[in-house]
Amino acid sequence: MSDLTVAVETPSPPPPPPTAKPPVLLIHGMFGGAWYWEGYQAFLARHGYASHAINLRGHHGSRPVRDIGHVSIGDYVDDAIEVARSLGSPIVIGHSMGGLIAQKVGEAGACRALVLMSAAPPRWIPAIGPVLARTMLQFRYLKAMLLHGPLLPERQDADALMFNRTPVEERAAFFARIVPESGRAGFELALGIPAVHASRVTARVLVVTGNDDQFVVPRVARALAKKYNAPLRAYDGFAHHIMSEPGWEQPAADVVAWLDEFVHA
């Protein structure tokens, strides 16, 4: 693959026939990849939305990087804006770190609607909840963030932060697919360095969260909804990986209903 290319995955089933509905760009979060949107892509296709899931640079065969630890949030934003502009003006769904990247895509005017799913916040919205704070204070994580090294969670930390509502028997398979993340990006997220000017986000926004999210706590979603004057959908029984936890189809159906309302408005 060319080093000028950002890897984007389309759903395994054939894309839906052309419709008036705009394309959807899906942006993954820390340690993730396009792979965890597979169910969502099939669901969107059944409702007439062609979708494209990005692998950010340094993730799962996408644009190679010399040192993943030094990649910035701005680098990831560049990847996402590049793909968004190639799609025209898509709907963007961003999860976790990808939710912050999605906000920057909206700020750049490169999309028509945003769904912020368990989304990391920009500057002035505190990002860290109690479970994440205790985890980050471990030396190995502090070292990776301060020295901009590769960042990868231990299994027990991933279970506590990301997979606390994922069935125990499915966690090993999820954990096996996560990849090292940028310590620099983690540092920027923890300190709230990336800013987003809400006045520049003209796209319509929907905020989605799970009430048991320990990685990006629901308080953040409430603040994002206020920042963008956006509706908030908060779901009991769901946590950080709301796009794949048991019963994920109901929040997905609500997202599609909101998109349909937007598309036909």
Side-chain angles (χ1 to χ4, degrees), residues 25 27-32 56 69-81 84 91-137 141-142 144-148 151 161-162 181-235 238-242 258:
L25 173 62
I27 307 175
H28 67 80
M30 295 185 78
F31 319 113
L56 298 168
H70 281 79
V71 177
S72 69
I73 294 293
D75 293 329
Y76 291 149
V77 170
D78 289 344
D79 292 344
I81 290 176
I91 295 160
V92 176
I93 302 177
H95 171 253
S96 195
M97 178 181 72
L100 175 57
I101 294 166
Q103 292 167 66
K104 295 295 287 183
V105 174
E107 183 184 47
C111 63
R112 66 184 71 198
L114 292 170
V115 179
L116 307 180
M117 188 173 294
S118 303
R123 188 182 301 169
W124 310 124
I125 299 177
I128 300 173
V131 177
L132 180 57
R134 289 194 298 271
T135 303
M136 287 174 55
L137 288 174
Y141 299 128
L142 286 174
M145 290 189 290
L146 291 172
L147 300 182
H148 296 176
L151 185 64
L161 287 168
M162 297 187 290
E181 191 49 78
S182 165
R184 177 180 176 182
F187 179 83
E188 292 173 349
L189 288 170
L191 268 65
I193 292 174
V196 177
H197 295 85
S199 62
R200 299 177 188 171
V201 179
T202 58
R204 290 181 61 179
V205 179
L206 174 67
V207 180
V208 178
T209 189
N211 284 329
D212 199 23
D213 193 338
Q214 303 299 318
F215 203 173
V216 183
V217 292
R219 163 185 54 76
V220 171
R222 294 192 293 270
L224 288 173
K226 182 177 181 180
K227 179 179 178 72
Y228 299 112
N229 192 27
L232 170 65
R233 304 286 187 268
Y235 295 91
F238 288 92
H240 193 61
H241 275 254
I242 192 170
W258 183 81

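For the atom pair CG (Asp213) and OH (Tyr235), the distance works out to 14.0 Å, reported to the nearest 0.5 Å. Remark: Leu56 CG to Met30 CE distance equals 11.5 Å, nearest 0.5 Å. For the atom pair CD (Gln103) and CG (Leu100), the distance works out to 5.5 Å, reported to the nearest 0.5 Å.
Using bins of under 30°, 30° to 60° and over 60° for the plane-to-plane angle, the ring pair His240/Phe215 lands in the tilted bin.
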* Show your reasoning for whether side chain to side chain donor-acceptor pair (under 3.5 Å) applies to Glu107 and His197. => CA-CA 7 Å; Glu107 183 184 47; His197 295 85; 3.1 Å; yes
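Ser72 contributes a side-chain N or O that, together with a main-chain N or O of Gly74, makes up a donor-acceptor pair within less than 3.5 Å. Side-chain atoms of Glu181 never come within 3.5 Å of backbone atoms of Leu151 as a donor-acceptor pair (strictly under, hydrogens ignored). Between the side chain of Arg219 and the main chain of Pro126, a donor-acceptor pair closer than 3.5 Å is present.
Side-chain atoms of Val71 and Arg184, non-hydrogen and from C-beta on, never get closer than 4.5 Å to each other. A 4.5 Å side-chain heavy-atom check between Ile93 and Ile27 finds every atom pair outside the cut-off. The side-chain heavy atoms of Ile242 and Val208, taken from C-beta on, include a pair separated by under 4.5 Å. At least one side-chain heavy atom of Val216 sits less than 4.5 Å from a side-chain heavy atom of Ser96.
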